[in-house]
Amino acid sequence: MRNALLMVITVSSMVALGSHAQAPPSAAPGVIAGVVRDSAGVAIAGAEVSIAGTTLRVESAVDGAFRIAKVSGGAATVQVRRVGFRPKRVDISVDGERTPVLNVTLARMVQPLPAVLVSARNRGRDPTNGFDDRRHMGLGHFMSRADIEHSNPSSMTDLFRRIPGVRLVATRSIRNAIRFRGATCPPLVWLDGFPLGAGEFDLDNFLPESIEAMEVYSGAATIPMRFTTASTISQCGAIVVWSREGELRQRGDKDKTAAAELAELIAMQTVYTADQVDVPARPDSSAQVYPAYPDSLFRARLSGLVVAEFVVDAEGKVSMDQFSVVASTHPLFSDAVRRALPSAKFIPARRAGRAVRQAVQWPFRFVVDSAGAP
């Protein structure tokens, strides 16, 4: 009996070991990459790309590209979704020896508003009130939006490290306070044409990406008349900051993207999409919006497209808190639309007889020669 029991145990162990030895090894973790586009082939930004059953998720970039690393080997399901488009699932196989490249096409659930045609005749208003004219005079140091993006600063004061005669000093309340050569007092800071007071102001309170342009005047002799006040302040220099409309944000804001935040608001039904309301929001013809055609792109004879996404509130006003760009052929076109949208007026959406907030996607076509536009 004892021998028989030992035989059974031995045979069972061999079977178990044999089964383990024959089990195929699991595939190594891998990377998934791809591009998200609409049915017309236009890249979609802000699409959420995730791996079903995991916490892995990313958003597509402005060119529609995405990349997810450390995906478990074997079969996986890629989920792609974006407000205004039908979600899509793609089944793939993942291993560490190759990177699957997916071309994902999303179909629109609701057609966007009719496109606004922007031609070179749409000059718009200058959000920086003569920045280019003062820059050509050469009396100070000037940084445009393109200059700031090229510098890629981690903080506002990083932009001052390249300016001659600027010192960064620590005070009781500010880690990097600005001082110009020969001055012991703080420069006067102007924001969108208004002085921020005679006291010290911490420029690092603002995110560099929320700034449209900046002018730096190190002494009284270089400061334009419109940016002078008391002579004692003028002697310390002046810093003129122009914010991107609807984009001025202070540090400490949540990192959640506007596209992700909007998706959550729609899921909670505090904001609706056009197919969820009885009467969709529509532009008020009495307050038409025409973005200014970027001069550099007009000179280069470049046409383009921007599809902007934002929320129209129950009063018909544009809320820029959830502004994002669904598609764009150039960042300067996106900036032009961003600056123009706050002045737009809408007839608000209605649901069950009352005005409600609605997510809107609005195309803007920039055409150098409007006579040749379709």
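When reading the values below, keep in mind they use all heavy atoms of this one structure, side chains included, and skip hydrogens, waters and symmetry mates.
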[X] (side chain) donor-acceptor with [Y] (main chain) under 3.5 angstrom:
{"X": "Asp204", "Y": "Met156", "answer": "yes"}
{"X": "Asp335", "Y": "Leu332", "answer": "no"}
{"X": "Thr54", "Y": "Leu56", "answer": "yes"}
{"X": "Asp278", "Y": "Ala352", "answer": "yes"}
{"X": "Arg338", "Y": "Ala308", "answer": "no"}
{"X": "Thr222", "Y": "Gly140", "answer": "no"}
{"X": "Arg145", "Y": "Ile211", "answer": "yes"}
{"X": "Ser60", "Y": "Ile44", "answer": "yes"}
{"X": "Arg179", "Y": "Thr184", "answer": "yes"}
{"X": "Ser328", "Y": "His330", "answer": "yes"}

Examine the side chains of [X] and [Y] and answer whether a donor and an acceptor come within less than 3.5 Å of each other.
{"X": "Gln361", "Y": "Arg108", "value": "yes"}
{"X": "Thr273", "Y": "Gln358", "value": "no"}
{"X": "Glu215", "Y": "Trp190", "value": "no"}

Over all heavy atoms of both residues, which pair between [X] and [Y] is shortest? Give the atoms and the distance, please.
{"X": "Arg350", "Y": "Val277", "answer": "O-CB, 3.6 Å"}
{"X": "Glu200", "Y": "Ile178", "answer": "OE2-N, 4.3 Å"}
{"X": "Ala340", "Y": "Pro291", "answer": "CB-CA, 3.8 Å"}
{"X": "Ala43", "Y": "Ala327", "answer": "O-CB, 3.3 Å"}
{"X": "Ala274", "Y": "Pro280", "answer": "O-CG, 4.1 Å"}

### Message
Counting C-beta onward and ignoring hydrogens, is there a side-chain heavy-atom pair between Val83 and Glu309 closer than 4.5 Å?
### Response
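With C-beta onward as the side chain, the pair touches.
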### Task
State, yes or no, whether a side-chain contact exists between Phe180 and Cys236 at a heavy-atom distance under 4.5 Å.
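They are not in contact (no side-chain heavy atoms under 4.5 Å apart), so the answer is no.
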Shared hydrophobic cluster for [X] and [Y] (ILVMFWY, side-chain gaps under 4.5 Å):
{"X": "Val189", "Y": "Ile148", "answer": "yes"}
{"X": "Ile163", "Y": "Val241", "answer": "yes"}
{"X": "Leu262", "Y": "Val318", "answer": "no"}
{"X": "Val279", "Y": "Phe346", "answer": "no"}
{"X": "Leu191", "Y": "Val216", "answer": "yes"}

### Task
Please determine which of Leu188, Ile239, Ile223 meets the side chain to side chain contact (heavy atoms under 4.5 Å, CB included) test together with Tyr217.
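Exactly one candidate clears the test, Ile223.
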### Query
With Val49, which of Leu102, Val80, Ile32 fulfils side chain to side chain contact (heavy atoms under 4.5 Å, CB included)?
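When Leu102, Val80, Ile32 are each tested with Val49, the side chain to side chain contact (heavy atoms under 4.5 Å, CB included) holds only for Val80.
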### Tyr293 and Phe333 aromatic centres sub-6.0 Å
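Centroid separation for Tyr293 and Phe333: below 6.0 Å.
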### Task
Measure from the ring center of Phe206 to the ring center of Phe201 and say whether it is less than 6.0 Å.
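Aromatic pair counts; centres sit under 6.0 Å.
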### Query
Charged N to carboxylate O under 4.0 angstrom, Lys345 versus Glu315?
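A salt bridge is absent here (no side-chain N lies under 4.0 Å from a carboxylate O).
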### Message
Counting neighbours of CE on Met137 that are heavy atoms of other residues, nucleotides or ligands and sit closer than 6.0 Å, is the number greater than 12?
### Response
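Result for CE/Met137: open.
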### Query
Going through the checks in order, is the side-chain contact (heavy atoms from CB on, under 4.5 Å) test met by Arg82 and Val36?
CA-CA 10 Å; Arg82 181 68 163 88; Val36 184; over 6 Å; no
### Message
Below 30° counts as parallel, above 60° as perpendicular, anything between as tilted: where do the rings of Phe364 and Trp362 land?
### Response
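Taking Trp362 first and then Phe364, their aromatic rings sit tilted (interplane angle of 30° to 60°).
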### Query
Can you check side-chain contact (heavy atoms from CB on, under 4.5 Å) on Phe366 and Val337, steps first, answer last?
CA-CA 10 Å; Phe366 290 79; Val337 171; 3.9 Å; yes
### Task
Output, in order, the C-alpha distance, side-chain angles, deciding distance and verdict of side-chain contact (heavy atoms from CB on, under 4.5 Å) for Arg351 and Tyr272.
CA-CA 9 Å; Arg351 177 184 166 97; Tyr272 298 94; 3.4 Å; yes
### Task
Kindly indicate, with the supporting measurements, whether the criterion side-chain contact (heavy atoms from CB on, under 4.5 Å) is fulfilled by Arg134 and Arg226.
CA-CA 11 Å; Arg134 293 188 294 275; Arg226 63 170 299 181; 3.8 Å; yes
